[in-house]
Undergrad: 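Here it is: the structure, laid out below.
These values consider heavy atoms only, across backbone and side chains, with no hydrogens, waters or symmetry-generated copies.
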Amino acid sequence: MKKSKNQTQTVYGMTWLTREEWQKMREIAADTNALTATYEDWMLMAWNLTKDLESKGVKVKKVAVTTDIFAEWCKNNNRIPDNAARSEYVSYLMATEKALRGNRKT
């Protein structure tokens, strides 16, 4: 289904980590079992999920996460660093970016 110019497409934000950030995330995560055993496995999972969502017409935005800043955000928002917090943090980053883009247009 094609969207009209007035409709907006939902964008799925995906936590995107470098090898170093993935290792740091494993060190701080409250749900280490939710992260893969290796960075390569995580990249494969992320790649497969991205391709699956895109094949269904979902736009995916890879959102680079810096673990130290994420940990500080968790602390400031009384969140444990788990999958739910990672998702909320990525949504927060995307909303902040969108707001900043909107402010530049005015």
Side-chain angles (χ1 to χ4, degrees):
M1 175 192 286
K2 190 173 182 179
K3 294 189 179 283
S4 72
K5 290 182 181 182
N6 294 335
Q7 290 178 312
T8 57
Q9 181 180 14
T10 300
V11 178
Y12 179 89
M14 179 176 291
T15 302
W16 207 254
L17 303 167
T18 64
R19 182 180 300 277
E20 180 182 350
E21 293 301 331
W22 176 87
Q23 183 59 46
K24 288 180 181 180
M25 190 66 73
R26 290 224 5 124
E27 292 169 7
I28 70 157
D31 60 345
T32 308
N33 61 327
L35 298 170
T36 58
T38 68
Y39 179 74
E40 290 75 18
D41 287 345
W42 180 81
M43 283 297 295
L44 182 60
M45 177 277 309
W47 174 259
N48 287 337
L49 179 57
T50 299
K51 291 301 161 198
D52 182 55
L53 289 169
E54 289 175 342
S55 74
K56 295 174 182 171
V58 177
K59 185 174 180 180
V60 178
K61 178 174 176 69
K62 298 171 186 166
V63 180
V65 172
T66 302
T67 306
D68 295 339
I69 297 171
F70 167 69
E72 187 67 24
W73 179 88
C74 286
K75 180 181 173 185
N76 292 338
N77 290 279
N78 297 315
R79 299 297 309 269
I80 60 169
D82 62 4
N83 193 44
R86 287 187 293 274
S87 293
E88 187 177 334
Y89 180 66
V90 165
S91 294
Y92 164 77
L93 290 177
M94 290 175 66
T96 301
E97 178 185 35
K98 184 176 180 180
L100 290 173
R101 276 195 322 265
N103 286 339
R104 286 187 209 130
K105 292 179 183 177
T106 57

Undergrad: Do Met43 and Trp16 come close enough that some side-chain heavy atom pair is under 4.5 Å?
TA: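 Heavy-atom side-chain distance check passes, below 4.5 Å.
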
Undergrad: Between OG of Ser91 and CZ of Arg86, what distance do you get to the nearest 0.5 Å?
TA: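 Taking OG in Ser91 and CZ in Arg86, the distance rounds to 13.0 Å.
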
Undergrad: Taking all heavy atoms of Glu21 and all of Asp68, pick out the closest pair and write down the distance.
TA: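 Looking at all heavy atoms of both residues, the shortest contact is OE1-N, 4.4 Å.
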
Undergrad: To the nearest 0.5 Å, tell me how far Tyr12 OH sits from Thr50 OG1.
TA: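 Output value for this atom pair is 8.5 Å.
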
Undergrad: Under a 4.5 Å side-chain heavy-atom rule over Ile, Leu, Val, Met, Phe, Trp and Tyr, are Val90 and Tyr92 clustered together?
TA: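 The answer is yes; both residues are in one hydrophobic cluster.
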
Undergrad: Has Asp52 got a side-chain atom pairing as donor or acceptor with Asn48's backbone, closer than 3.5 angstrom?
TA: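 Answer holds: no.
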
Undergrad: Any side-chain heavy atom of Ile28 sitting closer than 4.5 Å to one from Phe70?
TA: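 They are in side-chain contact.
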
Undergrad: When rounded to the nearest 0.5 angstrom, what distance separates OG1 in Thr66 from CG in Leu93?
TA: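 The OG1 atom of Thr66 sits 9.0 Å away from the CG atom of Leu93.
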
Undergrad: Under 4.0 Å between a side-chain nitrogen and a carboxylate oxygen: does that hold for Lys24 and Glu27?
TA: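 No salt bridge links Lys24 with Glu27.
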
Undergrad: When you compare the side chain of Val65 with that of Met25, does any pair of heavy atoms fall below 4.5 Å?
TA: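 Touching, per the 4.5 Å side-chain cut-off.
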
Undergrad: For residues Pro81 and Cys74, report the shortest heavy-atom separation together with the two atoms involved.
TA: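 Shortest heavy-atom contact: CA-SG, 3.9 Å.
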
Undergrad: May I ask you to decide if Glu40's main-chain N or O and Arg19's side chain share a donor-acceptor pair within less than 3.5 Å?
TA: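 Not a single qualifying donor-acceptor pair exists.
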
Undergrad: Kindly compute the distance separating CD (Glu54) from NZ (Lys59), expressed to the nearest 0.5 Å.
TA: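 Here the interatomic distance stands at 10.0 Å.
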
Undergrad: Donor-acceptor pair, Asp82 side chain versus Asp31 backbone, under 3.5 Å?
TA: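 Looks like no, no N/O pair under 3.5 Å.
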
Undergrad: Measuring from atom CG of Leu35 to atom CD of Gln23, what distance do you get when rounded to the nearest 0.5 angstrom?
TA: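 Between Leu35 CG and Gln23 CD, I get 10.5 Å after rounding to 0.5 Å.
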
Undergrad: Check the orientation of Tyr89 and Trp73. Use parallel for under 30°, tilted for 30 to 60°, and perpendicular for over 60°.
TA: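 Plane angle between 30° and 60°, so tilted.
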
Undergrad: If hydrophobic clusters are built from ILVMFWY residues whose side chains come within less than 4.5 Å, do Met45 and Val63 share one?
TA: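 Yes, it is one cluster - the side chains of Met45 and Val63 are joined through contacts under 4.5 Å.
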
